[in-house]
Amino acid sequence: MSDSLQQLIDQMRTGHRLSLARLISKVENGDSERQELIKRLYPLSGSAEVWGITGPPGAGKSTLVDRLTADLRKKGKRVAIVAVDPSSPFTGGAILGDRIRMQQHTSDDGVFIRSLGTRGKHGGLSHATKEVVMVLDAAHFDVILVETAGVGQTELDILRLAHSVLVILVPESGDSIQVMKAGLMEIADVFVVNKADRPEADKLVKELVTMVGLSDHDEHTWLPPIQKTEAFRNVGVTEVIELMAKHQEHLAKTGKKDLKRREFLKSEVFDILVSRLSQSFDGQIQSRSGEDLLSELLQRKIDPYTVADRMSGVI
Ligand SMILES: Nc1nc2c(ncn2[C@@H]2O[C@H](COP(=O)(O)OP(=O)(O)O)[C@@H](O)[C@H]2O)c(=O)[nH]1
Ligand SMILES: [Mg+2]
């Protein structure tokens, strides 16, 4: 037991930002104290609402996150923002832009912003993101906003920690077709059509209404509502917050929130198991006997399945 770790946790719980930042770094970097840290923080977590914000690059996610934050602050909520951008390094231009935009919040103790810009070495970026969210949850934030560009599987995986997912789209980019292709239809709880100042916004709204209507549903299904916004002018933002709150209510009322939590925890444990197995097999392949098996494989004396059987102890 490391007392300095407990000291950091205690300080974090009283709102000390630097301690929080250091604890997050421990999780992100796969520090040796990471497991102990999660052990101690897990019982303290579970009360935050986690919102995922996704959509194509340039759709206005960061602008909306900024506006949502301002609105939530007015309601007295403490807000944490996790910006995930696997494609750009920590100091990448986009993230820097976001930092400047977020400057109005930096002097506010009720807002905490963190960028995760690397792929996440230990168990992947989506697992690191889950743990960062757990730390923020234990640090008494009421709402945690996770922004990620909805362009690939990694980005969608990251949203497997959000209770409510907001998908943000813009007119004039053939977005409604992209929605289907990228699998965004399945994960959206609320659709936002941003840049509604542009022509064709209503056309996109109509397409989405049709698409949602055609999806498989019965009277118990939550059908994602569609909200137009002009994030940069703060138009429609309060309505978005109301829709997210409605979705949260729906989850609580129907018991789906607990089901979701259960699913998330299952995948959390699964991630840990996979990461352990992968480390263990990695060790075996690098070992002396592993090298011998690989040589036999190369000479075609045995086949890859037999090697895998031997390494996993099947034969
Ligand atoms: N025309 C218009 N531009 C907007 C609106 N909201 C955001 N933008 C602009 O769109 C650009 C991309 O926004 P950003 O929030 O960085 O998008 P992200 O990549 O999805 O995070 C910025 O230049 C914003 O100022 C809007 O409602 N209308
Ligand atoms: Mg952004």
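When a residue number appears, it is its place in the shown sequence, counting from 1. In listed order, ligands and their atoms are each counted from 1. Computed from a prediction, not measured in an experiment: that's the story for all the values here.
The pair K203-E200 meets the salt-bridge criterion, with a side-chain N (NZ, NE, NH1 or NH2) lying under 4.0 Å from an Asp/Glu carboxylate O.
A donor-acceptor pair under 3.5 Å is formed between the side chain of S312 and the backbone N or O of A308. Proximity of a side-chain donor or acceptor of R67 to a complementary backbone N or O of E230 within less than 3.5 Å is not detected.
No side-chain donor-acceptor contact under 3.5 Å links K260 and H163.
With respect to the Mg ion (ligand 2), E147 has OE2 as its nearest N, O or S atom.
For ligand 1, the polar-atom distance check against P57 finds no nitrogen or oxygen pair separated by under 3.5 Å. Between T229 and ligand 1, no N or O atom pair is found at a separation short of 3.5 Å. In terms of polar-atom proximity, defined here as any N/O pair under 3.5 Å, A59 does make such a contact with ligand 1.
Within the structure, every pair that satisfies the side chain to side chain donor-acceptor pair (under 3.5 Å) test and touches residues 189-199, not counting sequence neighbours, is listed here: D189-H247, N194-T229.
Within 6.0 Å of CZ on F264 lie more than 12 heavy atoms contributed by other residues, nucleotides or ligands.
Close approach of ligand 1 to E230 (heavy-atom distance below 4.0 Å) involves ligand atoms 27 (O). Atoms of ligand 1 lying under 4.0 Å from at least one heavy atom of A231, given by number and element, are 6 (N), 27 (O). For ligand 1, the atoms closer than 4.0 angstrom to any heavy atom of T63 are 7 (C), 13 (O), 14 (P), 15 (O), 24 (C).
The closest approach between any non-hydrogen atom of E147 and ligand 1 is below 4.0 Å.
Looking at D197 against ligand 1, only its side chain comes within 4.0 Å, counting heavy atoms. Only the side chain of N194 comes within 4.0 Å of ligand 1, judged by heavy-atom distances. No part of R198 comes within 4.0 Å of ligand 1, judged by heavy-atom distances.
From S25, atom OG reaches atom CZ of R114 across 4.0 Å, with rounding to the nearest 0.5 Å.
At a cut-off of 2.8 Å, S62 is counted among the residues with an N, O or S atom near the Mg ion (ligand 2).
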Between E249 and K246, is a salt bridge (charged side-chain N to carboxylate O under 4.0 Å, His left out) present by the stated rule, with each step listed? CA-CA 5 Å; E249 264 169 45; K246 260 198 193 154; over 6 Å; no

